[in-house]
Amino acid sequence: MTKDEKKRTQSLDYVVRSGIAGGIAGCMAKTSIAPLDRIKILFQSRNPVYEKYSGSFSGAFRAGFDIYKNAGFIGLFQGHSVTLIRIFPYAAIKFVAYEQFRAILMPTRAQETPSKQFIAGSLAGVTSVCFTYPLDLIRVRLAYDVKEAGHKRPTLLGTMQQIFKEPAATRRLGKFRIVNFYRGFLPTISGIVPYAGVSFLTYHSITQLFRYNAIISPFTRAPLSTWAELVCGGVAGLIAQTSSYPLEVIRRRMQVGGSLNPYKFVGFMETTKEIYRLKGLKGFYVGLSIGYIKVVPMMAVSFAVYERMKRLLDI
């Protein structure tokens, strides 16, 4: 990266364009796996109606069929509207932050190292989570809610009001009820460091390998073909998911804690011990098979669309 390239990367025009590219990539990726995302949340949070399906590969498909039978096709996308509201700024901030941290830590290509790629990715993930976490909590609550036949589905406004009115924050922090929207924040931050860091590091490393492969484009930095971008993104997602999955399970349990006991904040260690007590080590990996099925196409689509949007927007 030359001085002119670094200056252009840090310009407002570049930030806006890369933000749009990242936001669109995130929305496309999340929409492609929305039904699997909801099923995974139901498994991770031990929803009493769908817990019987967890623990087997076919359970995800049986749970999906059950949702479809009881709530129709739209039931598979319950909470997805909030996902889209959240994912555009989340993905936009993540990709913009990554580009900026990369420009600061690696101003030239000669300074690019795996450790710096990991740090840039981790910092980008933490930055995006800090801004968008409340929306993640809301969409998890919407996805977790299972209404009986004849009852109305939970609404965005109703769920926000319910979370805001939960007495847990009032008991501990007086009037600061906004803290209710940050249940599970600690494991989220702890998990996003390996997840985002590993995903960006792996994607960068694999794309470099593909670019310098004699079959594709020997010793050049030519753009990769679509299939190569999808493979690189998919592998990056697979490795990142494995590295951070236990923390994701802990986060989901803490996020739905308000629905189960609105009077209490469930702590990180308390949740960890409870998961281990009930299921042992395998409890930290419940729904991982769905995570693998979900994360490969999601990350593949995310990185591929982002690279295509960057070219389309001339960045």
Side-chain angles (χ1 to χ4, degrees), residues 30 33-55 59-60 63-64 67 76-80 82-83 86-87 90 125 128-130 132-146 154 159-160 162-163 166 168 179-196 237 240-262 264-295 298:
K30 275 292 186 181
I33 50 84
L36 286 171
D37 208 20
R38 190 187 179 204
I39 294 168
K40 191 180 78 163
I41 288 172
L42 291 170
F43 284 4
Q44 288 177 329
S45 56
R46 293 186 64 229
N47 184 285
V49 177
Y50 290 93
E51 188 179 8
K52 61 187 177 184
Y53 296 118
S54 65
I67 293 171
L76 294 168
F77 288 82
Q78 185 168 303
H80 186 58
V82 183
T83 297
R86 165 189 167 266
I87 201 63
Y90 173 84
S128 58
V129 164
C130 287
T132 61
Y133 185 79
L135 288 169
D136 185 46
L137 177 69
I138 294 167
R139 70 115 180 181
V140 168
R141 290 287 188 88
L142 284 168
Y144 177 80
D145 196 296
V146 179
T159 303
M160 290 176 65
Q162 178 186 338
I163 295 171
E166 287 171 1
V179 177
N180 282 332
F181 290 92
Y182 282 85
R183 288 177 182 265
F185 187 66
L186 176 60
T188 300
I189 291 296
S190 303
I192 200 65
V193 171
Y195 184 84
Q241 177 83 105
T242 305
S243 68
S244 63
Y245 196 79
L247 287 164
E248 185 179 344
V249 174
I250 296 169
R251 169 172 52 125
R252 295 296 185 224
R253 298 287 175 83
M254 292 177 71
Q255 285 176 327
V256 301
S259 293
L260 304 174
N261 186 357
K264 181 183 178 183
F265 280 121
V266 183
F268 178 83
M269 290 306 298
E270 183 181 350
T271 305
T272 303
K273 290 177 181 177
E274 180 67 8
I275 293 171
Y276 183 78
R277 184 183 68 81
L278 293 172
K279 295 281 187 176
L281 287 177
K282 69 179 183 180
F284 295 98
Y285 293 92
V286 64
L288 181 58
S289 58
I290 306 176
Y292 283 149
I293 297 170
K294 174 182 86 89
V295 79
M298 184 183 76

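Small disclaimer: the values here were computed from a predicted structure and weren't measured.
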Are S244 and I192 close enough, and set up right, to give a side chain to side chain contact (heavy atoms under 4.5 Å, CB included), and what steps lead you there?
CA-CA 7 Å; S244 63; I192 200 65; over 6 Å; no

Using side-chain hydrogen bond (donor to acceptor under 3.5 Å, both in side chains), reason through Q255 and D136 one step at a time and then give a plain yes or no.
CA-CA 9 Å; Q255 285 176 327; D136 185 46; 3.0 Å; yes

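Between P262 and Q162, the closest side-chain pair of non-hydrogen atoms is not below 4.5 Å. When side chains are defined from C-beta on, F268 counts as touching I250, because their heavy atoms get closer than 4.5 Å. Taking the side chain as every heavy atom from C-beta outward, F284 and L247 never approach each other to under 4.5 Å. Put simply, the side chain of I138 reaches to within 4.5 Å of the side chain of M160, judged on heavy atoms. Side-chain contact between R252 and V140 is present, with heavy atoms from C-beta onward closer than 4.5 Å. Inter-residue side-chain proximity for Q241 and L288 is flagged as met; some heavy-atom pair is nearer than 4.5 Å.
Contacts of Y182 classified as ring pair (Phe, Tyr, Trp, His ring centres under 6.0 Å), with partners at least two apart in sequence or in another chain: Y133, F185. Residues meeting the side chain to side chain contact (heavy atoms under 4.5 Å, CB included) test with A63, sequence neighbours left out: I39, F43, Y50, Y53. Residues that satisfy the side chain to side chain donor-acceptor pair (under 3.5 Å) test with T242, not counting sequence neighbours, are Y292. Take R46 and apply the side chain to side chain donor-acceptor pair (under 3.5 Å) test, not counting sequence neighbours, and it matches E51. Applying the side chain to side chain contact (heavy atoms under 4.5 Å, CB included) criterion to I293, with sequence neighbours excluded, gives L36, F57. Checked against ring pair (Phe, Tyr, Trp, His ring centres under 6.0 Å), Y245 has no partners two or more places apart in sequence or in another chain.
Rounding to the nearest 0.5 Å places NZ of K40 at 14.0 Å from OG of S54. Atom NZ of residue K273 and atom OG1 of residue T271 lie 11.0 Å apart, to the nearest 0.5 angstrom. Distance check, rounded to the nearest 0.5 Å: CE of M254 to CD of E270 gives 9.0 Å. Separation of atoms CZ (R38) and CD1 (I33) is listed at 14.0 Å; rounding is to 0.5 Å. Rounding to the nearest 0.5 Å gives a distance of 11.5 Å between CG of L137 and OG1 of T132.
G79 approaches R139 most closely through the heavy-atom pair O-CB, 3.8 Å. In terms of heavy atoms, A143 sits closest to L42 at O-CD2, 3.4 Å. When all heavy atoms of D37 and K30 are compared, the closest pair comes out as OD2-NZ, 3.2 Å. The heavy-atom pair separating A240 from S243 by the smallest distance is O-OG, 2.7 Å. Considering all non-hydrogen atoms of both residues, Q44 and V286 come closest at CG-O, 3.9 Å. The shortest heavy-atom contact between V82 and L135 is CG1-O, 3.5 Å.
Side chain of Q78 to backbone of D145: a donor-acceptor contact under 3.5 angstrom is found.
A salt bridge links E166 to R141: one of the charged nitrogens lies within less than 4.0 Å of a carboxylate oxygen.
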